Amino acid sequence: MKLDIVHDLQSVYRKIVDASARPGQLADLTKDACFVKEEGNHDCPASILLLALTLFDQEITFKVISEKEENITKTINQLTYAKPVETEDADYILILQDAEVGALNNAIEIAKPGTLKNPHSSATIIVEVSEVSDEPSLRLKGPGIQAIEFAHVETNEKWVESRQMKNIEYPLGIEMMFVDHQAQLLSLPRTTQITENRVIV
Amino acid sequence: MNTAYNFAFFDEGSKREIRRATLKAIAIPGYQVPFASREMPIGRGWGTGGLQLTLSLIGKNDVLKVIDQGSDESVNAVNIKKLVSDTTGVETTEETHDATLIQSRHRIPEVPLTKDQILILQVPIPEPLRYYEPSESETKKLHAEKEYSGAWLMLFEQIMKYGSMTTGADHPVLVHERYVMAPSPIPRFDNPKMDESEALILLGAGREKKVYAVPPYTKVVSLDFEDFPFEPESFEDKECRLCGSTGVFLDELVDEATDETVYQCNDTSYCLEKLNAVGVK
């Protein structure tokens with residue numbers, strides 16, 4: 001089946017709304033990502049492309065960080081008309097799994113955090129990881145969470161601390177979304193407080 | 001369904017723009033995110049902000065309820081409901097618990113909202129500081145600096161003049177301990193329903209081109225003073241003349257035949273539901 005840009009992208013958007021309004025609750029984009037996969041843009045992971053199709057157009061800027069940056073940038077630009085720019089100017093930063101270690105921390109550091117007058121003109125970082133789940137490695141607190149939520153992000157990057165530093169001066173900050181190979185999405189708005197659960201031996 | 005229009009009236013580009021603004025609004029509770037506010041087939045100031053949010057959210061499987069000051073049947077509510085259902089074909093309802101999207105003007109329904117619902121409030125003046133600061137760039141600066149003494153001063157002046165806070169509706173609230181926000185002109189009675197709400201609340205102001213949000217389980221505190229605590233309207237010792245409900249927001253009416261003051265549920269679908277459950281008195 002082909003991706004229906006009206007109805008399928010609406011359903012993806014609603015899942016992102018739910019996931020962002022209730023951080024820790026994963027959104028399942030499997031069905032919609034399958035449609036994208038069938039259309040074949042093999043360099044760009046289906047779930048990342050799906051998010052781009054849902055949110056990007058000529059009004060926004062983006063940066064892809066990946067070994068296949070050139071191809072993926074071209075695909076996204078051709079499909080959405082969004083403008084590729086450098087990381088510090090990008091509205092959306094897409095970090096793929098083949099990006100070198102440290103790329104995520106670097107992107108968090110230089111991504112635009114908005115201004116006190118316009119905290120909404122800040123970056124959203126979308127990261128491809130091998131797995132996100134509700135295993136209790138990260139404890140989440142904040143708006144959208146009744147008491148505590150748990151999440152797990154399988155990645156080599158140590159991003160929790162740098163995200164915390166970036167978001168320290170609320171309302172300035174960045175939004176993050178993690179998508180895994182099974183098209184599960186974890187959304188972490190700047191208001192979510194994360195502490196790492198450490199196993200004490 | 002009118003297929004001469006796009007699904008949900010808007011072109012996809014317009015929806016995307018509203019959607020991006022909405023996601024930022026959810027990420028910064030209480031902060032007013034500017035958006036383009038497209039032309040609508042109803043006049044600005046008649047619910048276009050709420051309508052644009054509804055149209056950007058709605059999908060084929062949604063069930064829509066629209067209320068205007070508690071009523072499902074007033075002109076504004078009926079027209080908005082017709083526009084949305086004509087351009088989407090979605091089912092509409094009057095039952096609060098059956099709805100997945102509830103667009104409302106100036107009330108939060110009596111029936112507690114659930115996590116599967118989104119409440120969309122229409123907002124005429126989204127800027128709580130506008131009464132004493134006419135300049136938009138100045139109010140943006142005040143929000144940036146968290147300089148809200150004017151908002152408290154406004155309430156203080158009311159107490160000095162009238163002996164109590166006289167905000168009939170739209171009593172300002174502090175969201176997530178950061179932004180002072182206009183909760184839209186809901187009665188004070190509804191303000192506590194925003195605090196730690198189970199449902200996501202989105203607010204849209206079409207004429208003023210702003211959207212903002214209160215995510216679920218977010219702290220929302222009505223502004224008040226230690227010696228003058230916030231008080232919702234009280235309907236103690238009063239009950240609805242139709243269904244007998246107490247502890248709900250009641251309209252005060254005058255029975256013209258007897259000149260007596262009578263009270264009636266403001267939320268018409270809640271009242272009907274009660275009547276259907278117990279049988280007419």
Side-chain angles (χ1 to χ4, degrees), chain A residues 4-23 25 51-60 80-82 91-92 114-124 141-147 149 167 170-177 187-192, chain B residues 6-8 11-36 56-62 88 100-101 115-116 118 137 140-146 175-179 196 198-202 211 213-220:
Chain A
D4 182 328
I5 60 153
V6 177
H7 300 292
D8 293 337
L9 295 186
Q10 180 273 338
S11 116
V12 174
Y13 168 62
R14 279 292 282 280
K15 287 174 193 167
I16 303 174
V17 167
D18 281 343
S20 306
R22 297 166 205 281
Q25 188 179 301
L51 293 175
L53 291 170
T54 310
L55 298 169
F56 291 13
D57 57 26
Q58 68 279 10
E59 292 173 17
I60 70 113
T80 67
Y81 303 105
D91 297 323
Y92 291 87
T115 62
L116 281 170
K117 266 190 175 181
N118 291 305
H120 66 282
S121 21
S122 53
T124 301
K141 279 181 89 171
I145 300 166
Q146 192 171 13
E149 282 280 347
N167 291 350
Y170 180 79
L172 304 187
I174 49 160
E175 273 62 66
M176 294 184 80
M177 289 183 197
S187 175
L188 299 172
R190 66 190 72 179
T191 48
T192 306
Chain B
N6 291 329
F7 178 83
D11 57 288
E12 292 309 299
S14 302
K15 285 184 205 165
R16 262 195 303 269
E17 198 263 338
I18 303 166
R19 287 171 181 173
R20 287 195 299 261
T22 310
L23 289 176
K24 281 293 175 199
I26 294 170
I28 318 169
Y31 168 72
Q32 301 162 52
V33 182
F35 80 115
S56 73
L57 287 162
I58 202 160
K60 283 187 286 190
N61 301 325
D62 276 310
T88 59
T100 54
L101 293 178
K115 68 176 185 53
D116 301 318
I118 300 178
S137 69
K140 271 189 98 73
K141 202 196 290 173
L142 294 173
H143 281 293
E145 292 169 354
K146 204 181 173 189
V175 182
H176 188 45
E177 295 176 346
R178 177 58 181 84
Y179 283 104
E196 304 287 326
E198 246 185 74
L200 166 65
I201 303 173
L202 298 174
V211 293
V214 178
Y217 309 115
T218 300
K219 197 169 162 193
V220 178

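Side-chain atoms are counted along with the backbone in the values below, which use heavy atoms only and exclude waters and symmetry mates. Predicted model, so just to flag it, every value in this text is computed and none were measured. Below, read A as the first sequence line, B as the second, and so on, with proteins coming before strands; counting in each chain starts at 1.
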Given that the side chain runs from C-beta out, which part of [X] has a heavy atom under 4.5 Å from chain B: side chain, backbone, both or neither?
X     : result
A:S11 : neither
A:F56 : backbone
A:Y81 : neither
A:H7  : side chain
A:L53 : backbone

Let's test your reading of the structure: which of [options] forms the most heavy-atom pairs below 4.5 Å with chain A?
options                      : value
B:P215, B:P29, B:G13         : B:P29
B:A25, B:S56, B:A213, B:A144 : B:A144
B:T22, B:L57, B:V33          : B:L57

Between [options], which shows the greatest number of heavy-atom pairs under 4.5 Å with chain B?
options                       : value
A:I5, A:I60, A:N118           : A:N118
A:S122, A:G142, A:P189        : A:S122
A:T192, A:T115, A:L188, A:L55 : A:L55

Quick one: does [X]'s side chain get under 4.5 Å of [Y]'s, heavy atoms only?
X      : Y      : value
A:P171 : B:Y31  : no
A:Y170 : B:H176 : yes
A:L116 : B:E145 : no

If you take all heavy atoms of [X] and [Y], which pair is closest and at what distance?
X      : Y      : answer
A:R22  : B:K115 : NH2-O, 3.1 Å
A:E175 : B:A27  : OE2-CB, 3.2 Å
B:P34  : A:H120 : CD-CE1, 3.4 Å
A:A21  : B:I26  : CA-CG2, 3.7 Å
A:S20  : B:L23  : OG-CD2, 4.0 Å

Where on [X] is there a heavy atom nearer than 4.5 Å to chain A: the side chain, the backbone, both, or neither?
X      : answer
B:K219 : neither
B:L142 : neither
B:E198 : backbone
B:L200 : both
B:R178 : side chain
B:I201 : neither
B:A36  : neither

With B:R20, the side chain to side chain donor-acceptor pair (under 3.5 Å) member among A:D57, A:D91, A:T124: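 For B:R20, the side chain to side chain donor-acceptor pair (under 3.5 Å) check succeeds only for A:D57.
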CD of B:E196 to CD of A:Q146, rounded to nearest 0.5 Å, is 8.0 Å
Separation between CD of A:Q10 and NZ of B:K60, rounded to the nearest 0.5 Å: 9.0 Å
Counting neighbours of [atom1] on [X] that are heavy atoms of other residues, nucleotides or ligands and sit closer than 6.0 Å, is the number greater than 12?
X      : atom1 : value
B:E177 : CD    : no
B:N61  : CG    : no
B:K140 : NZ    : yes

Taking NZ, NE, NH1 and NH2 as the nitrogens, is one of them in A:R14 or B:D62 under 4.0 Å from a carboxylate oxygen of the other?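 A salt bridge is present here (some side-chain N lies under 4.0 Å from a carboxylate O).
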Just checking, is any N or O donor in the side chain of A:S121 or B:K24 under 3.5 Å from an acceptor N or O on the other one?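 There is no such pair between these side chains.
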Output yes when a side-chain donor or acceptor of B:R16 lies under 3.5 Å from a complementary backbone atom of A:T54, and no otherwise.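 Absent.
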